[in-house]
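All chains are named by letter (A, B, ...) in the order of the sequence lines, taking the proteins before the strands, and each is independently numbered beginning at 1.
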There are 2 protein chains.
Amino acid sequence: MMFSKACEYGIRAAVYVTLQSLEERRVSFNEIAKEIDSPIAFTAKILQQLTRNNIIHSVKGPTGGFEIEREDMDMVKLSMIVKAIDGDKIYTGCGLGLKECNAQKPCPLHDKFLDIRTDLRNMLESTSLFELATGLEVGLTYLKR
Amino acid sequence: MMFSKACEYGIRAAVYVTLQSLEERRVSFNEIAKEIDSPIAFTAKILQQLTRNNIIHSVKGPTGGFEIEREDMDMVKLSMIVKAIDGDKIYTGCGLGLKECNAQKPCPLHDKFLDIRTDLRNMLESTSLFELATGLEVGLTYLKR
DNA sequence: ATAATATAGGATATAATTGTCTTTTATTTG
DNA sequence: CAAATAAAAGACAATTATATCCTATATTAT
Ligand code: FES
Ligand code: FES
């Protein structure tokens, strides 16, 4: 609804990688897909995108898998994942589908829509992977149900 | 992104019907599609949905077309249109795609997501077609381009 | 070096959404 | 009543999003 399926899987996957990297564990896409309850091959594609965008790091071969550096856990915000997977139409598009969102020639919902979207944007730009992983770590939140 | 294309067209169409009904004019789906710059046949389908959900009123035959009662312009909120076309997943779904959004077993983004979604919901539930049409009427807002 | 392992990449399949076309039904006017 | 008009309905087509499968490439351990 707000994010594509691919983006939802991408965020859940990145948070799971973060959680495991906190314990120095590399994880395979098989494990990730199982733990976040997502389609394996599709998840692998999404992990490729995250890797190409330097959001997570991948290592091939035995003992390989996905990981994320400790400093990146703080640096990587949700907005970066959303942008890598869904692009920035979530920021730039018109809520009523006009060709562009423009205050000079706004749709009837423009002002109200912009309020919501600005809040969403601020939230995504200020939320780090580390922050999301900590709730998981102490069992307060879940990646599947 | 936030709404489906169908929903975007639906809102724009309903606002246009409202604007014209303020001047006692019934409008055909051909005119609506032209004025909101949307695919004609697809728009006709969406107008059917709005009619079935008693959001706008349709009249067949010569002099027929779509219209909306003056009192309905205030009574119909955007939330009703969104619900009629996109269903209520926008209100009930989990932002990270968990099978359900539930505070007992929340995803890592639950609290922050709920804040945004509540604002969106309040906005949609408090915004009437009349309110949106008035900006159009005085040339402050636009339904195409 | 070789075998085993794990991600990368490309081709393909399936499902959902978006969009078109044609026929039917209801209504109004002459 | 007949002709014209406009929405309703159903079948179909195109596009996009989601998902799977198979092969290639890189890396590690033996
Ligand atoms: S013009 Fe529609 S949201 Fe800005
Ligand atoms: S559980 Fe994910 S948004 Fe509520």
Side-chain angles (χ1 to χ4, degrees), chain A residues 1-14 16-17 20 25-34 36-68 82 84-87 89-90 93 96-97, chain B residues 1-14 16-17 20 25-34 36-68 82 84-87 89-90 93 96-97:
Chain A
M1 174 269 303
M2 197 97 100
F3 307 127
S4 68
K5 277 284 163 202
C7 195
E8 290 173 356
Y9 298 148
I11 294 173
R12 303 221 304 270
Y16 182 74
V17 172
Q20 295 304 317
R25 289 189 66 236
R26 275 185 196 146
V27 283
S28 68
F29 58 63
N30 281 287
E31 175 180 339
I32 294 171
K34 191 178 166 214
I36 70 172
D37 191 22
S38 65
I40 297 178
F42 192 46
T43 303
K45 290 288 187 215
I46 297 159
L47 287 163
Q48 279 180 42
Q49 291 188 68
L50 295 182
T51 302
R52 277 197 289 264
N53 283 275
N54 298 308
I55 288 166
I56 59 178
H57 180 220
S58 75
V59 178
K60 282 184 173 183
T63 78
F66 298 91
E67 66 189 358
I68 178 167
V82 173
I85 299 177
D86 282 348
K89 59 186 184 306
I90 195 172
L96 293 190
Chain B
M1 173 271 301
M2 197 100 100
F3 307 126
S4 67
K5 276 284 165 203
C7 194
E8 290 174 356
Y9 297 147
I11 294 172
R12 304 220 303 271
Y16 183 73
V17 172
Q20 294 305 317
R25 288 190 65 237
R26 276 186 195 144
V27 284
S28 68
F29 57 64
N30 281 285
E31 175 181 339
I32 294 171
K34 191 179 166 212
I36 70 172
D37 191 24
S38 65
I40 297 178
F42 192 44
T43 303
K45 291 289 187 213
I46 296 158
L47 287 163
Q48 279 181 41
Q49 291 188 68
L50 296 181
T51 302
R52 279 194 225 104
N53 284 275
N54 298 308
I55 288 166
I56 58 178
H57 182 219
S58 76
V59 178
K60 283 185 173 183
T63 79
F66 297 91
E67 66 188 358
I68 178 167
V82 173
I85 298 177
D86 282 350
K89 59 187 185 306
I90 195 171
L96 294 190

Distances under 3.5 Å only, N/O to N/O: pair up the protein atoms with those of nucleotides 5-7 of chain D.
| unit_1 | atom_1 | unit_2 | atom_2 | d |
| --- | --- | --- | --- | --- |
| D:dA6 | O4' | B:Gly61 | O | 3.2 |
| D:dA7 | OP1 | B:Phe29 | N | 3.2 |
| D:dA7 | O3' | B:Ser58 | OG | 3.3 |

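When all heavy atoms of B:Ala33 and B:Thr43 are compared, the closest pair comes out as CB-OG1, 4.2 Å.
Atom CD1 of A:Ile55 and atom P of C:dT7 are 18 Å apart (whole Å). As a whole-Å value, the separation of A:His57 NE2 from D:dA26 P is 15 Å. Rounded to whole Å, the distance from CD1 on A:Ile32 to C1' on C:dA6 is 12 Å. Rounded to a whole Å, the CG atom of A:Leu50 is 16 Å from the C1' atom of C:dG9. Taking atom CZ on B:Arg26 and atom P on C:dT28, their separation rounds to 8 Å, with Å as the unit. Nucleotide C:dA6 holds its P atom 14 Å from the NZ atom of A:Lys34, rounded to whole Å.
Shown for residues 37-47 of chain A: residues whose heavy atoms fall under 4.0 angstrom of DNA chain D, namely A:Pro39, A:Ala41, A:Phe42, A:Lys45. Contacts between residues 5-14 of chain A and DNA chain C, counted as heavy-atom distances below 4.0 Å, involve no residue at all.
Residues that satisfy the side chain to side chain contact (heavy atoms under 4.5 Å, CB included) test with B:Asn30, not counting sequence neighbours, are B:Ser28, B:Ile40. Every residue meeting the side chain to side chain contact (heavy atoms under 4.5 Å, CB included) condition with B:Asn53, not counting sequence neighbours, appears here in chain and number order: B:Ile55, B:Ala84. Legend: residues meeting side chain to side chain contact (heavy atoms under 4.5 Å, CB included) with A:Lys5, ordered by chain and number and at least two apart, are A:Glu8, A:Tyr9.
Between the CG atom in B:Leu50 and the CD1 atom in B:Ile56 there is a gap of 5.0 Å [rounded to 0.5 Å]. Within the model, atoms CD1 of A:Ile90 and SG of A:Cys7 stand 7.5 Å from one another, a figure rounded to the nearest 0.5 Å. Atoms CE and CZ, on B:Met2 and A:Phe3 in that order, are 10.0 Å from each other to the nearest 0.5 Å. A:Phe66 contributes atom CZ, which lies 5.5 Å from atom CD1 of A:Ile32 (distance to the nearest 0.5 angstrom).
Between B:Gln48 and B:Arg52 the shortest side-chain heavy-atom distance falls below 4.5 Å. Contact of the A:Tyr16 side chain with the A:Glu31 side chain is registered, since non-hydrogen atoms from C-beta on lie closer than 4.5 Å.
Results of the side chain to side chain donor-acceptor pair (under 3.5 Å) test with A:Glu67 over A:Arg26, A:Gln20, A:Arg25 single out A:Arg26 as the only residue that passes.
A:Arg52 comes within 4.0 angstrom of the backbone, heavy atoms only, and of no base.
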